[in-house]
Trainee: 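Take this structure, written in structure tokens, and hold onto it; I'll ask about it next.
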Amino acid sequence: MDEKYFPEAIEKKWQRVWEERHAFEAREDDPRPKFYCLEMLPYPSGFLHMGHVRNYAIGDALSWYKRLQGFNVLHPIGWDSFGQPAEQAAIKRGVNPRDWTEENIAHMRGQLKRLGVSYDWSREIAAHRPDYYKWDQWFFLKMFERGLAYKKTSQVNWCPKEKTVLSNEQSSGGVCWRCGAAVEKRDLDQWFLRITDYAEQLVADIKEIEAGWPEKVLKRQRDWVGRSEGAYIDFAVKNSDRKIRVFTTRIDTIFGATAVVLSAEHPLVAELLEGSSLKSDVLKFAERVKAARAAKQDPTEEEAKEGINTGALAINPFNGENIPIWVANYVLMEYGTGAVMSVPAHDERDFEFAQKYILPIRQVIAPVSHGQGQAEPVPATGGDQSRVMHSAFTDYGVLINSGQWGGKLSRDAIREMADFAEAKGFGCAAITYRIRDWGISRQRFWGSPIPIIYCDDCGMVPVPMADLPVVLPATAAFTGAGESPLAGVAEFVNTTCPKCQHPARRETDTMDTFVDSSWYFFRYCDPRNDAAPFDPEIIKQWTPVDQYIGGDSHAVMHLIYTRFWTKFMRNLGLVAFNEPVKRLLTQGMVTNRVAGTDDWKAMSKSLGNGVDPDDMIAAFGADASRLFVLFAAPAENELRWIETGIEGAIRFLRRVYTMVWRWHERLSDPVQKRSAAGIEEFSAGARALRRKTHQTIARVTADFEQLHLNTSIALLMELFNALTDFDAAPSSASEADLFAVREALESLVLMLAPISPHVAEEMWEGLGHADGLLGGKAKWPVADPQLARQEELEIPVQVNGKLRSRILAAPDVTEEQLRAAALADEKIRAFIDDHQVLKVIVVPQRLVNVVVR
RNA sequence: GCCGGAGUGGCGAAAUUGGUAUACGCACCAGACUCAAAAUCUGGCGAGGUCACACUCAUGUCGGUUCGAGUCCGACCUCCGGCACCA
């Protein structure tokens with residue numbers, strides 16, 4: 001230990017020691033209980049940014065904490081190394097995406113090591129390496145075998161700027177999730193994974209994780225799956241054998257249906273108009289709607305409702321009424337059945353539409369009167385259209401004007417009417433979901449090739465498992481044009497059919513990179529397995545993940561896909577649980593002021609408000625950087641970058657270091673390593689220090705469990721301040737004083753280790769421990785409740801709820817004694833002497849409140 | 001529009017879940033050290049009020065419940081996210 005704190009030297013030294021000792025490598029033959037701590041794997045853009053630093057500082061703190069508590073900790077890292085930026089670099093600068101990616105990984109690996117994150121580097125994986133993406137292909141084929149991977153022509157979301165297909169999730173809001181360009185629609189043959197088969201489980205299993213996941217993430221997942229309970233109802237088309245199936249959540253309003261409305265894309269539109277004089281007008285209208293939708297610039301903008309009457313009639317199966325069939329722009333083909341029953345009185349959109357086109361509005365639900373007891377229908381207002389409604393009444397209520405169902409409550413009618421429809425054969429209760437199948441085809445080079453071969457004779461043939469991986473060629477022509485660059489690589493495309501051995505062609509699309517990240521953390525458990533994605537027995541030892549940490553930008557995409565993938569692996573018998581992640585922490589963004597403005601935005605190159613972690617580490621050291629990032633705000637909050645904050649962090653570390661230096665010679669002397677048992681008497685000051693030490697241990701431990709790292713650092717600072725106040729000098733300290741100081745300093749150093757591990761190691765060594773924090777002897781401290789107990793309580797005394805005095809009392813003071821002491825207190829007497837004491841409230845060991853009049 | 005979440009000093013934030021509001025840090029002010037500055041150390045730091053106490057007022061606003069409310073209830077305001085014609 002040097003007299004002065006030199007972060008660079010200390011950090012280099014301990015990073016080397018850790019590496020030599022393989023300190024962070026997790027072993028399967030370790031009998032201790034496991035803990036799997038996972039951070040979202042980074043895309044190797046080339047440079048670590050502050051968001052990474054925050055993410056890994058949090059995960060590393062937890063990993064260290066669990067290690068010191070005696071857990072066998074798995075803390076791995078890898079690279080989400082397929083994806084668009086590498087391909088863009090190839091297009092723009094002619095570099096090879098593989099070289100570009102490998103260089104970036106090498107650089108970022110160095111940065112992570114300089115940050116001192118305690119990863120098990122022996123398990124490092126990268127998605128772009130054949131030994132990884134082989135298993136993407138393997139899973140794909142498993143899904144293909146089971147009909148869960150399929151190909152269909154579909155309208156896809158197309159980013160005109162990047163010239164590629166995007167998933168629904170990636171084009172959420174009608175803009176490309178990466179570049180922000182407005183997304184267009186195109187027809188292409190695409191591969192899909194049938195995530196909709198798992199829609200129900202994705203909602204239902206939320207109950208298994210809701211204790212450990214942030215509510216805001218679960219809410220977004222529920223919204224994304226979009227489960228909706230209702231019913232299908234078939235409306236027969238008059239003078240035809242056609243039926244129109246609609247989906248409704250409000251079957252109780254069906255007597256108020258005054259139209260059936262189809263979306264412009266509905267397949268029945270053309271058929272209905274066969275031989276009708278309105279045909280050309282309606283088809284023109286439908287085309288116009290489709291064109292308007294495709295051309296829409298601002299996807300959030302709601303178009304004015306427009307529609308056209310087809311002239312055809314539908315028959316309401318509940319009352320036999322004939323109602324017109326319309327086509328309108330507000331009905332979406334993608335949701336439900338692409339057709340709705342229009343109930344203007346009880347749906348805002350239908351109401352608006354009916355007002356515009358003067359369709360009848362018929363009230364069939366009345367508010368439940370808020371009287372006592374039974375619900376009473378509000379009297380029907382004589383005739384069906386005589387009452388003018390000014391807006392739709394969308395609440396549940398009581399059915400009126402609804403034949404045999406009149407007088408029933410909505411919630412009963414919804415159930416009974418669906419049963420009735422089913423019994424009569426014109427409908428049934430149904431659940432729909434908003435979630436769509438996951439389109440994974442990408443017309444790109446830099447991804448895992450989809451292992452399918454097209455043969456003129458045999459059709460679509462899966463690549464045999466034994467032939468995996470389908471390896472990407474070394475390079476291709478990167479033009480940036482629409483088709484996958486793989487299509488231009490003859491050696492790749494041309495192959496033979498596995499079935500008939502005739503010449504055949506390979507699929508040239510590659511997989512969405514979210515496939516890679518859906519199961520990567522299982523691969524960490526068994527990263528070099530070349531016979532399977534992983535050994536199920538090894539998986540059993542490590543998974544599920546105990547704590548996952550990452551940004552909430554992945555709340556729906558990655559975190560839904562990985563839940564889906566896990567459920568599929570469970571169906572394959574590879575894992576034995578439904579949910580891969582027990583606890584999830586979504587850390588807040590790191591923002592910085594954009595120069596010349598008052599806007600705080602996520603750090604980015606384009607905004608010029610980035611702070612380079614390397615610069616920060618060079619200037620302040622990894623330990624201070626990590627301390628600052630963890631201390632500045634709760635992990636979930638946005639973290640606004642403030643230059644001066646980090647100076648406070650290094651100041652604290654320097655003070656602690658200096659304190660350890662001051663004592664280390666006395667304390668590292670083995671003669672001083674005595675237990676408390678032999679010490680007869682501690683001074684009041686030493687007792688106070690020990691009390692503070694044990695109180696701090698208890699509270700910091702509780703904070704670590706909750707990942708409240710900012711407050712745990714504040715507590716460590718308080719303990720340090722108590723040490724500063726402790727009035728003893730190393731040269732003259734008594735044995736008891738030395739003991740108290742040792743206990744405080746060692747606890748402080750141990751609890752600081754997860755946050756600033758290098759300097760903690762250095763100080764631990766300085767305190768006379770030769771084998772390091774992970775040598776097996778160092779243990780997370782345990783609080784002794786007896787020692788943490790206050791010797792004397794300061795009890796606030798209130799008069800009428802206002803603080804008027806404080807009294808001192810022994811911890812075992814009785815209620816009676818407290819009451820008497822409070823009433824006898826001079827300051828309190830001044831407030832109560834001229835008043836009548838109505839009552840005295842005594843909260844044992846906490847507070848006294850005297851109520852007077 | 002609908003659904004979440006949040007409003008506490010100059011700033012980032014605490015508050016054992018109904019019991020001393022503002023812990024810890026940043027910034028700032030003063031003092032010590034220094035020829036001086038930086039660094040470091042010591043002290044101060046919600047607002048009003050007072051020579052100093054006392055006291056009064058303060059957790060977005062207004063009400064309520066309670067001996068007691070940052071915390072619970074009701075209404076409203078503002079900000080930040082998410083979704084967006086989802087039938």
Side-chain angles (χ1 to χ4, degrees), chain A residues 172-174 214-220 222-224 226-228 230-231 246-251 253 261 263 299-305 328-332 334-343 346-350 352-353 394 432-435 552 555-556 588-589 600 627-628 631-634 636-649 651-652 654-655 658 695 698-699 702 708 710-721 724 794-806 827 830 838-852:
Chain A
S172 180
E215 182 50 39
K216 66 176 174 180
V217 172
L218 296 177
K219 179 193 175 296
R220 285 184 63 186
R222 280 192 205 97
D223 287 352
W224 193 262
R227 183 180 195 277
S228 181
V246 304
F247 177 73
T248 179
T249 56
R250 292 300 304 274
I251 191 175
T253 66
V261 186
S263 85
T300 63
E301 181 196 318
E302 202 167 293
E303 291 163 80
K305 290 184 177 44
N329 64 346
Y330 76 98
V331 178
L332 306 175
E334 309 88 71
Y335 185 77
T337 60
V340 301
M341 64 179 198
S342 176
V343 185
H346 303 293
D347 182 280
E348 277 167 29
R349 296 151 300 177
D350 295 340
E352 194 187 325
F353 190 69
T394 58
T432 60
Y433 302 90
R434 205 180 65 144
I435 192 171
D552 63 7
V556 283
M589 281 195 304
W600 292 82
L627 176 72
F628 167 63
F631 180 56
E636 301 81 358
N637 286 22
E638 174 187 338
L639 169 52
R640 294 187 165 196
W641 194 257
I642 296 165
E643 282 301 325
T644 51
I646 187 156
E647 290 175 22
R651 201 176 296 153
F652 173 66
R654 210 180 280 131
R655 284 183 190 140
T658 304
Q695 287 173 345
R699 294 172 65 189
H708 293 166
N710 58 324
T711 49
S712 69
I713 293 166
L715 289 163
L716 296 181
M717 289 172 169
E718 280 192 57
L719 176 57
F720 174 78
N721 291 343
T724 306
E794 193 188 51
I795 305 288
V797 183
Q798 302 176 331
V799 176
N800 288 345
K802 284 193 178 183
L803 178 70
R804 296 299 184 188
S805 183
R806 299 167 214 269
K827 285 194 201 135
L838 294 177
K839 60 173 153 176
V840 180
I841 286 143
V842 181
V843 184
Q845 324 209 318
R846 291 303 280 271
L847 165 142
V848 180
N849 187 13
V850 184
V851 185
V852 301

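Letters go in sequence order (proteins before strands), and every chain restarts at 1.
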Trainee: Determine the Euclidean distance between corresponding C1' atoms of B/rC62 and B/rG7; express it in Å to zero decimal places.
Mentor: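 Between the two C1' atoms, the distance is 16 Å.
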Trainee: Parallel, tilted or perpendicular: which one describes the rings of A/F652 and A/F720, with boundaries at 30° and 60°?
Mentor: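 Taking A/F720 first and then A/F652, their aromatic rings stand perpendicular (interplane angle over 60°).
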Trainee: If you check every side-chain atom of A/E718, which of B/rA87, B/rC41, B/rA23 has the closest atom?
Mentor: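 Comparing B/rA87, B/rC41, B/rA23 against the side chain of A/E718, the answer is B/rA23.
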Trainee: Just confirming the chi classification of B/rG9, syn or anti, using 90° around 0 as the syn window.
Mentor: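 Chi for B/rG9 falls in the syn range.
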Trainee: So that I can compare with my own list, what are the stems of RNA chain B, taken as at least three consecutive Watson-Crick or G-U pairs with distances under 3.5 Å?
Mentor: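 Stem list for RNA chain B: B:1-7 with B:77-83, B:10-12 with B:24-26, B:28-32 with B:40-44, B:46-48 with B:55-57, B:60-64 with B:72-76.
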Trainee: Could you give the CZ-to-C1' distance, from A/R349 to B/rC86, as a whole number of Å?
Mentor: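 It works out to 7 Å between those atoms.
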Trainee: Do you know which two heavy atoms are closest between A/R846 and A/P796, and how far apart they sit?
Mentor: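 What the structure gives for the nearest pair is O-CD, 3.1 Å.
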Trainee: Choosing from B/rC55, B/rG25, B/rA87, which nucleotide comes nearest the side chain of A/R804?
Mentor: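 Closest nucleotide among those given: B/rC55.
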Trainee: Heavy atoms under 4.0 Å, any strand shown: does A/D350 hit a base, just sugar-phosphate, or nothing?
Mentor: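 No contact.
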Trainee: For atom P, what is the distance between B/rU22 and B/rG9, given to the nearest Å?
Mentor: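 It comes out at 14 Å once rounded to the nearest Å.
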Trainee: Determine the Euclidean distance between corresponding P atoms of B/rU78 and B/rC57; express it in Å to zero decimal places.
Mentor: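 About 29 Å, rounded to a whole number of Å.
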Trainee: Hey, which of these two, A/V843 or A/K219, hits RNA chain B nearer its 5' end, going by closest nucleotide?
Mentor: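 It is A/K219 whose nearest nucleotide is closer to the 5' end.
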Trainee: Can you confirm whether A/E348 is buried at CD, in the sense that more than 12 heavy atoms of other residues, nucleotides or ligands lie under 6.0 Å from that atom?
Mentor: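 No.
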Trainee: Could you check A/E334 against A/R654 and say which one's nearest nucleotide on RNA chain B is further toward the 5' end?
Mentor: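 Mapping each residue to its closest nucleotide by heavy atoms, the 5'-most match is A/R654.
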Trainee: Just compare B/rG25, B/rU56, B/rA87 and give me whichever is closest to any side-chain atom of A/V331.
Mentor: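 From the listed options, B/rA87 comes nearest.
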Trainee: Sticking with atom P, work out how far B/rC79 lies from B/rC28, rounded to a whole angstrom.
Mentor: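 Taking atom P in both B/rC79 and B/rC28, they lie 32 Å apart.
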Trainee: Which way is the base of B/rU17 turned, syn or anti, if we draw the line at 90° from 0?
Mentor: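 The base of B/rU17 is oriented syn (glycosidic angle within 90° of 0).
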Trainee: Return the value, rounded to whole Å, for the distance between atom CZ of A/R651 and atom C1' of B/rA27.
Mentor: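 A/R651 atom CZ is separated from B/rA27 atom C1' by 10 Å.
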Trainee: Are the side chain of A/R250 and the backbone of A/T394 linked by a donor-acceptor contact shorter than 3.5 Å?
Mentor: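 Present.
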Trainee: What interatomic distance, in whole Å, is found between C1' of B/rA21 and the corresponding atom of B/rA13?
Mentor: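 It comes out at 13 Å once rounded to the nearest Å.
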Trainee: Whole angstrom is fine here: how far is it from OH in A/Y330 over to C1' in B/rC86?
Mentor: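 Going from A/Y330 (OH) to B/rC86 (C1'), I get 13 Å.
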Trainee: Please list, pair by pair, any protein nitrogen or oxygen found under 3.5 Å from a nitrogen or oxygen in nucleotides 9-16 of chain B.
Mentor:
residue : atom : partner : partner atom : Å
B/rG12  : O2'  : A/A632  : O            : 2.3
B/rA13  : OP1  : A/N637  : ND2          : 3.2
B/rA14  : OP1  : A/N710  : ND2          : 3.2
B/rU16  : N3   : A/R846  : NH2          : 3.2
B/rU16  : O4   : A/R846  : NH2          : 2.8

Trainee: Quick one: which of B/rC57, B/rC85, B/rA84 gets closest to the side chain of A/R434?
Mentor: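 Nearest to the side-chain atoms of A/R434, counting from C-beta on, is B/rA84.
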Trainee: With rounding to the nearest 0.5 Å, note down the distance linking CE in A/M717 to CZ in A/F631.
Mentor: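 Between atom CE of A/M717 and atom CZ of A/F631 there are 4.0 Å.
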Trainee: Are there any protein N/O atoms within less than 3.5 Å of an N/O atom in nucleotides 65-69 of chain B, and if so, which ones and at what distance?
Mentor:
residue : atom : partner : partner atom : Å
B/rC67  : O2'  : A/N849  : ND2          : 3.2
B/rC67  : O2   : A/N849  : ND2          : 2.5

Trainee: Counting side-chain heavy atoms from CB outward, which of B/rU42, B/rA27, B/rC85 is closest to A/T724?
Mentor: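 The closest nucleotide is B/rU42.
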